[in-house]
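This report refers to the structure that appears directly beneath it.
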Protein chains: 2
Amino acid sequence: MIDVVLADDHPVVRAGLRAVVDGQPDMRVVHETGTAEDLLAWLDGGGRADVVLLDLRFGDAGPGSTRLGGAEATGTVVHRHATPVLVVTTYGTDADILAAVEAGATGYLLKDAPTEELARAIRSAAAGEVILGADVQRRLLGRMRSPGENLSARELEVLRLVAAGRSNDAIARELFVSVATVKSHLAHISTKLGTQSRTEAAATARERGML
Amino acid sequence: MIDVVLADDHPVVRAGLRAVVDGQPDMRVVHETGTAEDLLAWLDGGGRADVVLLDLRFGDAGPGSTRLGGAEATGTVVHRHATPVLVVTTYGTDADILAAVEAGATGYLLKDAPTEELARAIRSAAAGEVILGADVQRRLLGRMRSPGENLSARELEVLRLVAAGRSNDAIARELFVSVATVKSHLAHISTKLGTQSRTEAAATARERGML
DNA sequence: CGCCGCATCGTCCGAAAGGTGGAAAGGGCG
DNA sequence: CGCCCTTTCCACCTTTCGGACGATGCGGCG
């Protein structure tokens, strides 16, 4: 019997995951929670599980929230409790997936995966295997080819303003530097991202979840 | 007894909605589907329902897909079958909500709404009342102030490509028109959106969920 | 029928952005 | 101590954009 913990802040999705798990003869839900804190408290309090199903977008509500994110929760669960974490989320940007995998997630699935694939993934995770959905793997491979993300803090700052639609001049005034500096940063950014223009750089940044 | 139809392309979410509905003594699921076409076919074939729970992001997969979107499906269901549609979706941009409401949706909820609120919304929808979540109402009010979105189909097409980082020249070749036309469209777009540059227009478009 | 919105194209010109090739100052590291 | 990276800045030049006109044809609407 595989003991599963559900960690998702959407009640509906939680109910759906429960329905899938309960529909399998060889697994059951032993705990269900809507916050990362609660999940960790339960595990710290002696809770035992074979697999944790976790929404990566845990606590995504506000920018000022001090709540734990899905990636941090994943890392803590994996390292402190040696429990496999299967990340199940709705939309997956490249950065999301990478963050989950780097945090030690055992698997990554999108919520539109068929229930049968989900059940298989849970069994694999419980057995310690690393499972990534076919589309996820494709994304990761495409992602690896492009070196990306060696951007310095300053460059990222500039890139963010570019993606917000500011002109070089506006960015220069906002960062208290000259236009030449902004252009210089932008040139470096485009080199690192392999883009041809500011707009393309902004689009790429968004696509990779770097904003 | 309230007869409910589930229309969502995420199996997990569908299972969750079913669990919520089945947990209520006064309602039941009479049909469940993952595509808008199937939903319409079922209704056209004589299927009767008191409420349709529908994911707005129906068939959001590819740009080249000929599948029906959630908004179109909503409009068809409401007008052809006089059945209340309760839109339940994960992330709701202003444009999404507006599209749903304009298409005639009876209600709009986010998936992170508590199950009890969802059940209440279903009863309200079945009774013909229009129910919008508190946060949704707040968004709508803020949305009304900005004029926006009188963009023509062609202009939107151009805007999408701009947001994807294409140059005017690339867009012109992609749409089989001259660069002058692209610039003309772009000028109109910036006038309508009140933006000063292509990048700002792209940023605004994203913010308003027009992509 | 005229008017308006839409889509298409054109020219001209100035402004913005991008590319090239520097340079200088500071920090970190072997 | 040199070496590299980051950040800052400069000048020069080319490409691209954006604004300001105008012009055509089409379709809907009163």
Q) For E32(A), what residues pass the side chain to side chain donor-acceptor pair (under 3.5 Å) criterion, not counting sequence neighbours? A)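 Residues passing side chain to side chain donor-acceptor pair (under 3.5 Å) with E32(A): R14(A), R18(A).
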Q | P114(A) to P11(B) - nearest heavy-atom pair and separation | A |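 Shortest heavy-atom separation between P114(A) and P11(B) comes out as CA-CG, 3.9 Å.
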Q. Nearest heavy-atom pair of A205(B) and L159(B): which atoms, and what distance?
A.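 Result for this residue pair: CB-CD2, 3.7 Å.
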Q: Can you sort out which residues in residues 155-174 of chain A have a heavy atom within less than 4.0 Å of DNA chain C? Ascending by number, please.
A: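 When residues 155-174 of chain A is checked for heavy atoms under 4.0 Å from DNA chain C, the hits, listed by number, are S167(A), N168(A).
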Q) Taking DNA chain C as the partner, which of residues 178-190 of chain A come within under 4.0 angstrom of it by heavy atom? A)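 When residues 178-190 of chain A is checked for heavy atoms under 4.0 Å from DNA chain C, the hits, listed by number, are K183(A), L186(A).
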Q: Can you pull out how bent the helix from dC1(C)-dG30(D) to dG30(C)-dC1(D) is, comparing the axes over its first five and last five pairs, to 10°?
A: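 Both end axes considered, the difference amounts to 40°.
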Q) Which of the following nucleotides, dG18(D), dT6(D), dT8(D), is nearest to the side chain of S197(B)? A)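 Of all the options, the side chain of S197(B) is nearest to dG18(D).
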Starting at [atom1] of [X], measure out to [atom2] of [Y] and round the result to the nearest 0.5 Å.
X	Y	atom1	atom2	result
L43(A)	T76(A)	CG	OG1	10.0 Å
L161(B)	L156(B)	CG	CG	10.0 Å
D50(B)	R28(B)	CG	CZ	8.5 Å
D44(A)	L39(A)	CG	CG	9.0 Å

Q: Decide side chain to side chain contact (heavy atoms under 4.5 Å, CB included) for L6(B) and D8(B); before the verdict, give the C-alpha distance in whole Å, the side-chain angles of both, and the deciding distance to 0.1 Å.
A: CA-CA 6 Å; L6(B) 306 182; D8(B) 195 310; 6.0 Å; no
Q.
Can you list everything that forms a ring pair (Phe, Tyr, Trp, His ring centres under 6.0 Å) with H31(B)? Sequence neighbours excluded, please.
A.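 Result, ring pair (Phe, Tyr, Trp, His ring centres under 6.0 Å) vs H31(B): W42(B).
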Just wondering, do [Y] and [X] contact through their side chains at under 4.5 Å, heavy atoms?
X	Y	result
I189(A)	V162(A)	no
T35(B)	D9(B)	no
T181(B)	R154(B)	no

Q) Thinking salt bridges, do R160(B) and E157(B) make one under a 4.0 Å N-O criterion? A)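 Salt bridge between R160(B) and E157(B), a charged N being under 4.0 Å from a carboxylate O: no.
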Q. What are the 5'-most and 3'-most nucleotides of DNA chain C lying under 4.0 Å from any heavy atom of chain B?
A.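 Counting from the 5' end, contacts occupy dC6(C) to dG10(C).
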Q. Expressed in angstrom and rounded to an integer, what is the separation of R198(B) atom CZ from dT16(D) atom P?
A.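 Distance, rounded to whole Å: 11 Å.
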